[in-house]
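Worth knowing before you read on, the calculation uses all heavy atoms, side chains too, and leaves out hydrogens, waters and symmetry mates. Note that ligands are numbered from 1 as they come in the structure, with each ligand's atoms numbered from 1 the same way.
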Amino acid sequence: MIARRPLLALPAVLVGAGRGRAQGPLFTLGVASGDPRPDSLVLWTRLAPEPLAPDGGMGVAPTPLSWELAEDDGFRRILRRGEVTAAAVDAHSVHVELSGLPPGRPFFFRFHAAGQVSPTGRTRTAPAPGDPAPVRFMNAACQNWEHGHFTAWAHAARQEDVAFVFHSGDSIYEYAGRDRPGGWGPLVRRHHGGHCRTLADYRIRHAQYRTDADLQAAHAAHPFIASYDDHEVENNWAGDLGGRDRAGQRDDPGGFPARRQAALQAWWEHMPLPREARDRAFRRFRFGRLLDLHVLDTRRFRDEQPCGDGARQACEAVADPRAQMLGPAQEAWLREGIAGGEGWQVLAQQVFMAPRLFEGDRLSMDSWDGVPAARARLLALLAGRDAAVLTGDVHRAWAADLAAAPGGPVVAAEFVATSITSEGDGSPAQAGAAGLVARNPWLRFHSNFRGFTLHEAHPDRLEARFMAVPFVTRPGAPLEQAGHLATLPGKPGLVPG
Ligand SMILES: [Fe+2]
């Protein structure tokens with residue numbers, strides 16, 4: 001299969017004129033495509049003969065590449081080709097923004113540089129705006145390198161007819177490599193280097209993740225719509241504020257915005273994103289007549305977690321109607337988009353939206369439970385529409401009925417994707433899940449296995465299949481279906497699939 005083709009074993013080649021020091025295979029991080037629209041796409045690769053070196057082994061010299069877009073994987077019917085330059089300022093990543101493409105069509109693509117050829121990627125444009133055909137897509141999140149093998153990505157790569165993969169974030173974890181097991185999660189393989197703080201640190205971490213063959217296979221098989229969550233920068237950062245350490249103190253007071261900029265630069269360099277997504281990650285996509293995807297940023301414009309981070313009893317700040325999750329500009333953009341939307345209105349975002357009252361009357365202050373007024377405003381936008389919310393972040397699969405007000409009518413369904421690896425091998429249910437469901441009866445489905453969600457939008461239903469791998473601490477897990485739910489037009493909330 002195309003997506004599983006191994007990297008070509010090519011002889012060492014000296015790249016660049018004098019100043020470049022690159023030797024050996026250049027396309028060690030694979031290829032990717034993303035942000036599919038009816039007429040446009042982004043093609044991505046990064047040259048990195050030494051993925052774990054701060055400069056990827058490329059030195060500072062710009063390096064020319066050519067790219068090809070074809071109808072067939074043998075590249076006999078080439079539709080487009082062009083030249084692009086990989087520059088050190090972007091870590092020798094390239095983001096080819098194609099436009100004027102035909103809608104709803106599959107393509108194959110590859111790059112050439114210094115006599116070497118990249119693996120072949122497969123991608124597709126979004127269907128034309130009026131196209132009534134069903135739309136198949138995935139929701140995935142949270143791929144901690146140390147916690148396991150990316151087997152779920154290998155299975156994701158084998159899915160057919162996927163319009164896009166939404167990645168809600170935690171595409172890396174910033175934590176230092178552990179010398180021995182202990183601490184959070186299993187230690188299956190090690191992070192290279194210490195806790196990420198600088199641009200070089202984040203580049204090395206992204207590159208290490210990108211060397212994974214299963215992750216490369218998924219990116220070579222389907223276009224991604226990438227977002228970020230906290231761990232692309234730091235655990236539970238919020239707006240201009242970094243995360244807190246175990247003592248509740250901010251990690252790098254005053255220095256966080258620069259660190260965030262470095263981290264998001266590295267994120268952009270390693271994702272198939274257009275240039276504008278580096279500064280504005282919230283954006284909208286339309287897939288035919290059936291689906292509008294509103295990709296939200298629940299980190300960059302939010303207020304600090306009220307009452308302190310973590311699971312806490314509500315303090316006065318939780319009731320503050322001014323508290324923000326999206327910020328006024330993004331909220332206005334969302335309001336406008338939903339008002340002008342057609343078909344299923346799907347919010348693709350990060351943090352848990354349904355209320356979760358934990359034992360001892362505690363709430364998760366990092367999630368929408370910390371900003372109930374902002375949540376009520378957002379859910380009011382969905383009332384009367386056929387709507388669903390996609391979530392990540394919690395490393396478990398969940399589904400919930402969402403009501404605009406506690407005890408009020410249901411307005412949408414929430415589908416929470418589990419992690420690819422984060423927190424290691426799964427089990428049928430997380431400890432305490434039964435109690436959580438009993439206190440929060442709008443939580444309608446739970447599974448504690450790793451995996452991803454496979455969705456399908458039809459005129460008469462939006463489906464969710466919770467796909468699971470039974471283990472991740474060893475390679476080779478099979479793919480199983482842990483649950484199947486749906487939501488129907490005109491009848492907000494969940495039904496069996
Ligand atoms: Fe995560």
Worksheet item: Which residue pairs satisfy the disulfide (SG to SG under 2.5 Å) criterion with at least one member in residues 157-204, sequence neighbours excluded?
Response: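 The answer is none; no pair qualifies.
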
Worksheet entry | Side-chain ion pair, Glu276 and Arg278, N-O less than 4.0 Å |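 Looking at Arg278 together with Glu276, the answer is no, because their closest N to O distance does not fall below 4.0 Å.
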
Fill in: Pair Leu436-His446, side-chain contact (heavy atoms from CB on, under 4.5 Å): steps then yes or no
CA-CA 10 Å; Leu436 192 62; His446 168 67; over 6 Å; no

Worksheet item: Can Arg189 be said to sit on top of Phe150's aromatic six-ring, NZ or CZ under 6.0 Å from centre and within 45° of the ring axis?
Response: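 Arg189 over Phe150 ring: yes.
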
Discussion item. Quick check on the 6.0 Å ring-centre criterion: do Trp267 and Tyr202 meet it?
Written reply: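 Not under 6.0 Å, so no.
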
Worksheet item: Of the options Trp184, Trp145, Tyr173, which is the one that meets Ser422 in a side-chain hydrogen bond (donor to acceptor under 3.5 Å, both in side chains)?
Response: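 For Ser422, the side-chain hydrogen bond (donor to acceptor under 3.5 Å, both in side chains) check succeeds only for Tyr173.
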
Item to complete: State the count of protein N/O/S atoms located less than 2.8 Å away from the Fe ion (ligand 1).
Response: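 My tally for this metal is 4.
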
